[in-house]
Amino acid sequence: MIVVPEKDIAKLITPADCLTAVEGVFASMARRSAYNFPVIREAIGHADALYGFKSGFDRESLALGLKSGGFWPNNVEKGLTNHQSAIFLFDADTGQCRAIVGGNLLTALRTAAASAVSIKYLARQDAKVLGMIGAGHQSTFQLRAALAQRKFEKVIGWNVVPEMLSRLEEVAKEEDLPFEAVSLDRLGAEADVIISITSSFDPILKASQVRPGTHLACMGTDTKGKQEVEAELVANASVFTDEVAQAITIGESQHAIGKGLIAPEDIIELGTVINGAHPGRTSADQITLFDGTGVGLQDLAVASKTVDLAVSKGVAIEIDF
Ligand code: NAD
């Protein structure tokens with residue numbers, strides 16, 4: 001069995017590798033070759049923790065396994081990341097455990113890859129201004145991955161705690177791009193692409209603040225009750241997602257569905273656009289919205305790629321199991 005510790009992940013896999021892996025598995029899901037198993041997530045009644053499993057199987061790549069972990073809110077006091085996880089891969093032919101891979105950095109990379117894939121396929125080609133809502137742990141990964149998708153000329157950002165935006169400014173600087181902290185009105189009026197990555201339970205961005213032609217990647221809402229944009233904005237948009245079942249229950253779409261503004265049939269799997277079965281954006285004025293809920297198959301795809309890279313670079317740690 002191969003072990004890839006958390007500390008080695010950054011040296012092995014790049015955001016570009018993750019984009020290819022996530023794009024591939026979204027396409028496989030749309031071909032019904034890959035599917036996610038039901039998610040388990042439980043409050044364990046200890047350390048205020050939420051713990052669970054996300055798992056699935058891709059018959060095309062033979063990625064089989066699970067990501068296990070969750071959210072430990074008191075970890076900050078211990079100098080640890082709140083989100084902790086490990087990914088277990090199994091041999092699809094024998095059922096033997098093939099690898100254990102650190103899941104913390106990979107979670108950030110695969111989440112950023114998902115919104116980047118949505119920008120690649122749905123944003124206008126002439127997009128120039130990238131708007132960021134949220135400035136937490138995930139936000140810098142989101143920004144880096146997004147900047148690779150279009151020739152952006154400026155980054156603007158909003159966060160409920162404005163001081164946190166300095167981490168986004170640093171990333172923009174690395175790419176020689178100007179950064180400006182703006183109001184939500186200005187963000188909606190100026191951005192061609194908007195990424196939201198917050199832990200909000202109330203709508204932040206209103207439908208009236210977003211102009212025609214915008215692409216939004218709503219990435220923070222991954223739980224029942226969370227919400228980043230007004231349900232009316234979702235209703236005004238052409239909505240795409242990683243998985244419809246998750247979008248309508250734990251994704252941004254849950255609120256528009258709950259209000260009866262859209263139906264599950266209105267939501268398009270991004271994989272169908274990647275496969276060419278759906279045209280994606282069809283006009284420059286259309287608002288497109290990617291409801292990125294985060295599926296286990298994304299974790300398996302990037303973990304499999306990481307293991308392949310560890311093996312090909314001769315740095316895989318093998319243990320008898
Ligand atoms: P974090 O705690 O580091 O940052 C949270 C961000 O949300 C900060 O910008 C904070 O200021 C903002 N925020 C918190 N409460 C808010 C409120 N009430 N209104 C507006 N903004 C608020 O978290 P993170 O690791 O950056 O993760 C951000 C979100 O992304 C979380 O909700 C997490 O569950 C979600 N997430 C989604 C996926 C996915 O696949 N879709 C994957 C990983 C994380």
Side-chain angles (χ1 to χ4, degrees), residues 22 26 107-108 110-124 127 129-143 145-146 149 155-160 168 184 187-188 191-259 261-262 264 266-271 273 280-281 286-295 298:
V22 168
F26 282 172
T107 297
R110 64 77 145 149
T111 306
S115 61
V117 171
S118 83
I119 294 167
K120 176 176 173 179
Y121 285 93
L122 298 172
R124 293 191 336 267
V129 179
L130 175 59
M132 297 291 303
I133 297 177
H137 176 69
Q138 305 289 330
S139 64
T140 53
F141 296 93
Q142 291 286 325
L143 177 54
Q149 296 310 313
V155 181
I156 56 180
W158 179 91
N159 194 57
V160 67
L168 296 179
L184 286 166
L187 189 129
D192 301 303
V193 172
I194 298 173
I195 297 176
S196 58
I197 182 78
T198 72
S199 310
S200 177
F201 278 81
D202 296 298
I204 299 170
L205 195 63
K206 296 189 181 75
S208 59
Q209 289 170 316
V210 174
R211 60 179 177 164
T214 304
H215 172 64
L216 296 107
C218 298
M219 304 305 296
T221 299
D222 57 357
T223 306
K224 194 170 177 349
K226 279 189 187 171
Q227 187 171 12
E228 297 190 296
V229 303
E230 252 184 5
E232 288 71 16
L233 175 52
V234 176
N236 286 352
S238 301
V239 183
F240 300 81
T241 189
D242 40 24
E243 191 188 78
V244 174
Q246 285 203 168
I248 63 175
T249 50
I250 59 169
E252 199 59 46
S253 302
Q254 63 181 294
H255 306 287
I257 292 276
K259 284 185 158 184
L261 298 175
I262 62 168
D266 298 326
I267 304 174
I268 303 142
E269 276 177 72
L270 184 57
V273 183
R281 169 178 293 277
Q286 190 178 8
I287 295 175
T288 52
L289 184 149
F290 176 61
D291 186 353
T293 64
V295 294
Q298 281 170 260

### Query
Any sub-3.5 Å donor-acceptor pair from Arg124's side-chain atoms to Asp192's backbone N or O?
no
#### Entry: Heavy-atom pair with the smallest gap, counting every atom of Ser196 and Cys218
OG-CA, 3.2 Å
### Message
Between Thr111 and Met219, is there a side-chain heavy-atom distance shorter than 4.5 Å?
### Response
yes
### Message
With a 3.5 Å distance limit and no angle check, can you tell me whether Asn159 reaches the backbone of Ala135 through a side-chain donor-acceptor pair?
### Response
yes
### Min side-chain heavy-atom separation Leu270-Leu122 under 4.5 Å
yes
### Contact summary for Phe26 and Ala114, nearest pair of heavy atoms
CZ-CB, 4.0 Å
#### Entry: Taking every non-hydrogen atom, the tightest pair across Gly294 and Arg110
CA-NH1, 3.7 Å
#### Entry: Heavy-atom check, side chain of Leu216 versus side chain of Val210, under 4.5 Å
yes
## Note on the structure
Taking every heavy atom of Gly131 against every heavy atom of Ala191, the minimum-distance pair comes out as N-CB, 3.8 Å
### Task
Hey, could you give me the OG1/CG distance between Thr293 and Asp222, rounded to the nearest 0.5 Å?
8.0 Å
### Query
Can you find a heavy atom in the side chain of Trp158 that is under 4.5 Å from one in the side chain of Ile204?
yes
### Message
So, taking the atom named CD in Gln227 and the one named CZ in Phe201, what distance separates them when rounded to the nearest 0.5 Å?
### Response
11.0 Å
#### Entry: pair Leu187-Gln209: side-chain heavy atoms closer than 4.5 Å
no
### Query
Are any side-chain N or O atoms of Gln149 and backbone N or O atoms of Tyr121, one a donor and one an acceptor, separated by less than 3.5 Å?
no
### Query
Is there side-chain contact between Val193 and Thr214, with heavy atoms separated by less than 4.5 Å?
no
### Query
Between atom CZ of Phe240 and atom CG of Asp291, what is the distance when rounded to the nearest 0.5 Å?
12.0 Å
### Expected output: side-chain Gln254 to main-chain Ala256 donor-acceptor under 3.5 Å
no
## Note on the structure
Between Thr198 and Gly134 the two heavy atoms that sit nearest each other are CG2-CA, 3.6 Å
### Query
In Å and rounded to the nearest 0.5 Å, what is the NE2 to CD distance from His255 to Glu232?
11.5 Å
### Query
To the nearest 0.5 Å, what is the distance between NZ (Lys226) and CD (Glu252)?
10.5 Å
### Summary
Result for side chain to side chain contact (heavy atoms under 4.5 Å, CB included) between Val239 and one of Ile267, Asp266, Ile287, Val244 points to Ile267
### Message
Minimum heavy-atom separation for Asp242 and Gly292, please, with both atom names.
### Response
OD2-C, 3.7 Å
### Query
Arg281 side chain to Gly213 main-chain N or O, any donor-acceptor pair under 3.5 Å?
yes
### Message
Please evaluate residues Ile133 and Glu228 with respect to the criterion side-chain contact (heavy atoms from CB on, under 4.5 Å), reporting the C-alpha separation (whole Å), side-chain torsions for both, the decisive distance (0.1 Å), and the verdict.
### Response
CA-CA 9 Å; Ile133 297 177; Glu228 297 190 296; 5.6 Å; no
#### Entry: CD1 on Ile194 to OG on Ser115, rounded to 0.5 Å
13.0 Å
### Query
Does the Ser253 side chain pair with the main chain of Ile248, one donor and one acceptor, at a distance under 3.5 Å?
no
### Message
I need the single residue from Leu168, Ile197, Ile195 that forms a side chain to side chain contact (heavy atoms under 4.5 Å, CB included) with Leu143. Which is it?
### Response
Leu168
